[in-house]
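The basis for the numbers below is simple: all heavy atoms, side chains too, and nothing from hydrogens, waters or symmetry mates. Letters A, B, ... are given to chains in the order of the sequence lines, protein chains preceding strands, and every chain is numbered from 1.
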Amino acid sequence: MVTIIAETSGNNLHPFTAQLVGAAGGDATVLCPGGVGVEQAAALTGVAKVISVEGDCFSSFDGGAWAAVLGAVATGRIYAASTPHGREIAARIGSAKNIPVVQDVTGIDGDSITRPIYSGKAVANLTVSGDCVLTLRPNIFEAAQEGGSAQVSTVNQSADVATSVREAIAKASERLDVSEADIIISGGRGMGNKENFAYLEEIADKIGAAVGASRAVVDEWGLPHSQQVGQTGKTVNPSLYFAVGISGAIQHLAGMRSSKYIVAINKDADAPIFGVADYGIVATWEEALPALSQALSEL
Amino acid sequence: MMTDIAVLLKQVPDTTAKIVVSDGRVDESAVNKWSISPYDEYALEAALEMGGAVTVITCGPDRAKKMLTDAAAVGASELLHVQVDDLTTLDSNQVASILAAAVAKTGLNVVFCGKQAADSNAGTIGPAVAEKMGAACVTMVSELSGDASEFLALRPSANGMERVAVSSPCVIAFDKTVNELRRPNVKGIMMAKRKTIEGLTPSDLGVDISESKVTLQSQSPPAEKPAGQKFEGADSVSIVVNKLREEAKVL
């Protein structure tokens with residue numbers, strides 16, 4: 001039996017939760033932190049039980065408090081999403097229960113588990129014995145469909161909250177974050193300068209994509225680190241990743257090679273980025289981006 | 001008030017090192033350079049900037065001692081090494097137990113570490129050690145001010161960023177910060193060579209490592225991608241966009 005800690009987004013269940021249910025393969029108990037997404041969870045096929053876990057601690061994120069309350073209800077093997085909150089809660093619950101935690105899992109077959117290591121430069125093949133906490137990499141496991149009607153119960157628990165939010169700082173732009181986006185368009189040193197990222201942003205806005213950047217341009221041109229894709233930035237796996245003017249240093253490849261489809265645009269036909277690209281275009285960005293913008297408008 | 005801090009460090013292959021898998025294991029002899037895991041370096045820098053005494057703690061094989069000496073060269077005052085010859089034989093709970101016990105031995109209540117290590121990419125240790133300490137934890141911190149009576153930590157939130165107040169006992173797990181990492185000078189390097197490293201074993205700390213609940217069966221190279229399609233010139237952009245829609249079905 002698998003207990004799932006639901007991933008939520010605002011007042012809704014995050015789509016990752018259906019993937020956790022899909023990976024559990026039936027008879028899952030879903031815990032909804034703060035009572036969010038209870039009805040959506042109950043409607044998923046493969047969910048046997050939904051527990052609305054309520055309490056004062058859910059008004060802001062405190063990993064210790066959330067883990068205490070959710071961990072008190074979670075039993076057996078526990079799944080959470082491999083997101084910052086999911087990982088932190090998983091780490092806490094495993095530690096409190098003295099059971100192992102395996103993060104960012106990409107394959108589960110009974111007790112056999114696979115996960116990428118060295119930012120995707122290798123894979124670890126593991127076996128687990130007994131109860132454990134696993135976080136599952138988003139967009140790898142097939143989502144459970146609607147069609148269930150699980151019973152719902154409620155628990156209300158309190159926990160000590162050791163952190164308090166003093167200041168909220170809104171995002172500078174409304175554009176999606178690279179870790180959330182289904183399409184990413186990233187630029188590297190080949191873009192010439194920071195100002196030319198406006199061309200990437202224009203295309204991103206057209207298709208609802210996030211704008212990413214290589215380490216070189218974050219370090220040298222002062223782009224926000226939150227945009228950095230790669231080993232010391234974010235590891236992403238969107239459906240579609242455009243790499244523009246990025247040569248493909250090993251650190252960058254480590255952060256994006258698991259994207260479903262990769263399009264590389266580079267004027268250097270020998271750039272390593274073409275080695276991981278599904279579609280490579282040998283051209284300057286000055287020529288390719290206007291053509292891309294136009295082709296996307298015509299869709 | 002100056003805050004004394006314990007910093008958890010992990011030695012990993014330098015991020016520029018090529019990872020070679022042979023006979024089902026990552027070949028360590030092919031690693032040309034071992035370094036402090038990048039996010040741990042930001043944790044160390046943040047601890048040094050607090051101005052108090054910095055104790056660095058690691059768990060790993062003999063080679064990890066050099067990393068402690070490197071940390072001493074930039075200002076760490078106490079060095080603690082827990083001998084584990086192969087970390088891949090331990091599960092996360094065992095490693096967290098070892099590190100939490102080592103922290104308890106120092107008597108320190110404020111722990112800094114990286115948000116995740118560059119080899120395992122897991123990010124379990126910070127919160128897991130906090131849990132065993134009965135401490136608060138804030139992860140992915142890119143800016144920290146204040147002291148142990150109240151730290152203010154900047155972390156990502158659903159709507160952007162937020163500043164979170166937290167006080168000792170606590171674990172702060174760092175993301176990349178804007179702080180420039182200090183480099184050792186000659187005097188620092190010379191002093192570090194004379195520093196003693198306190199050596200411990202898991203059993204010295206009362207941690208049983210005989211039964212890992214996770215067994216590493218093998219390590220393997222990532223699945224090979226089939227060769228892609230390559231086109232010349234900007235005229236091919238519309239062809240590719242068409243393929244993204246018709247073949248890949250991602251647009």
So which pairs with a foot in residues 232-241 of chain B pass salt bridge (charged side-chain N to carboxylate O under 4.0 Å, His left out), sequence neighbours left out?
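Qualifying pairs: none.
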I need the full list of salt bridge (charged side-chain N to carboxylate O under 4.0 Å, His left out) pairs touching residues 268-292 of chain A, with sequence neighbours left out, sorted by first then second residue.
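Those involving residues 268-292 of chain A are A:Asp278-B:Lys225.
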Could you tell me the separation between the CD1 atom of B:Ile19 and the OG atom of A:Ser119, rounded to the nearest 0.5 Å?
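Here the interatomic distance stands at 9.0 Å.
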Using side-chain heavy atoms (C-beta onward) and a distance below 4.5 Å, is [X] in contact with [Y]?
X	Y	result
A:Leu289	B:Val237	no
B:Val164	A:Ser164	no
A:Arg87	B:Met140	no

Can you tell which part of [X] gets under 4.5 Å to a heavy atom of chain A, answering side chain, backbone, both or neither?
X	result
B:Ala117	neither
B:Pro13	side chain
B:Val250	both
B:Leu251	side chain
B:Asn159	backbone
B:Met161	both
B:Glu224	neither
B:Val240	side chain
B:Ile125	neither
B:Tyr39	side chain
B:Ala158	backbone
B:Glu211	neither

Using only heavy-atom distances, determine whether the side chains of B:Asn121 and A:Thr235 contain a donor-acceptor pair under 3.5 Å.
no
Distance-only polar pair, side chains of A:Tyr279 and B:Glu247, donor-acceptor under 3.5 Å
yes
Sort by residue number and list every member of residues 130-137 of chain A having a non-hydrogen atom under 4.5 Å from chain B.
none
Measuring heavy-atom distances to chain B, does [X] have an atom under 4.5 Å in its side chain, in its backbone, in both, or in neither?
X	value
A:Glu167	both
A:Gln294	neither
A:Asn266	neither
A:Lys260	backbone
A:Leu240	side chain
A:Ile250	side chain
A:Val263	side chain
A:Ala291	both

Looking at B:Ile239, B:Val20, B:Thr139, which has the largest count of heavy-atom pairs under 4.5 Å with chain A?
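That would be B:Thr139.
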Can you tell me which of B:Gly228, B:Pro222, B:Ala234, B:Ala136 forms the most heavy-atom pairs within a distance under 4.5 Å of chain A?
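Of the options given, most contacts go to B:Pro222.
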Would B:Glu150 and A:Arg166 count as a side-chain contact (heavy atoms from CB on, under 4.5 Å) if you check the C-alpha gap in whole Å, the side-chain angles of each, and the deciding distance to 0.1 Å?
CA-CA 12 Å; B:Glu150 184 177 280; A:Arg166 289 293 167 78; 3.0 Å; yes
If you look at every heavy atom in A:Ala295 and B:Ser238, which pair is closest and at what distance?
CB-CA, 4.1 Å
Shortest non-hydrogen contact between A:His225 and B:Asp175, atoms and distance
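Closest heavy-atom pair between A:His225 and B:Asp175: CE1-OD1, 3.4 Å.
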side-chain contact (heavy atoms from CB on, under 4.5 Å) between A:Leu126 and B:Thr215, intermediate numbers included
CA-CA 5 Å; A:Leu126 310 162; B:Thr215 309; over 6 Å; no
Tell me which pairs pass side-chain hydrogen bond (donor to acceptor under 3.5 Å, both in side chains) where either residue lies in residues 9-25 of chain B, with sequence neighbours left out.
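The answer is B:Lys10-B:Asp119, B:Gln11-B:Arg63, B:Asp14-B:Thr16, B:Asp14-B:Ser35.
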Hey, does the side chain of B:Thr124 reach the backbone of A:Ala91 with a donor-acceptor pair shorter than 3.5 angstrom?
no
Indicate yes or no for a side-chain donor-acceptor contact from B:Lys230 to the backbone of A:Ile281 under 3.5 Å, with no hydrogens or angles considered.
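Checking the backbone N and O of A:Ile281 against the side chain of B:Lys230, no donor-acceptor pair under 3.5 Å is found.
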Verify side-chain contact (heavy atoms from CB on, under 4.5 Å) between B:Leu216 and A:Asn125, making sure each step is shown before the conclusion.
CA-CA 6 Å; B:Leu216 176 65; A:Asn125 306 295; 5.8 Å; no
Check B:Lys115 with A:Glu88, please: is the shortest side-chain N to carboxylate O separation under 4.0 Å?
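B:Lys115 and A:Glu88: not salt-bridged.
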Decide salt bridge (Lys or Arg N to Asp or Glu O under 4.0 Å) for B:Lys213 and A:Asp111; before the verdict, give the C-alpha distance in whole Å, the side-chain angles of both, and the deciding distance to 0.1 Å.
CA-CA 11 Å; B:Lys213 303 266 179 51; A:Asp111 289 336; over 6 Å; no
For B:Glu162 and A:Ser60, what are the C-alpha separation, side-chain angles and deciding distance, and is it a side-chain contact (heavy atoms from CB on, under 4.5 Å)?
CA-CA 11 Å; B:Glu162 60 191 17; A:Ser60 70; over 6 Å; no
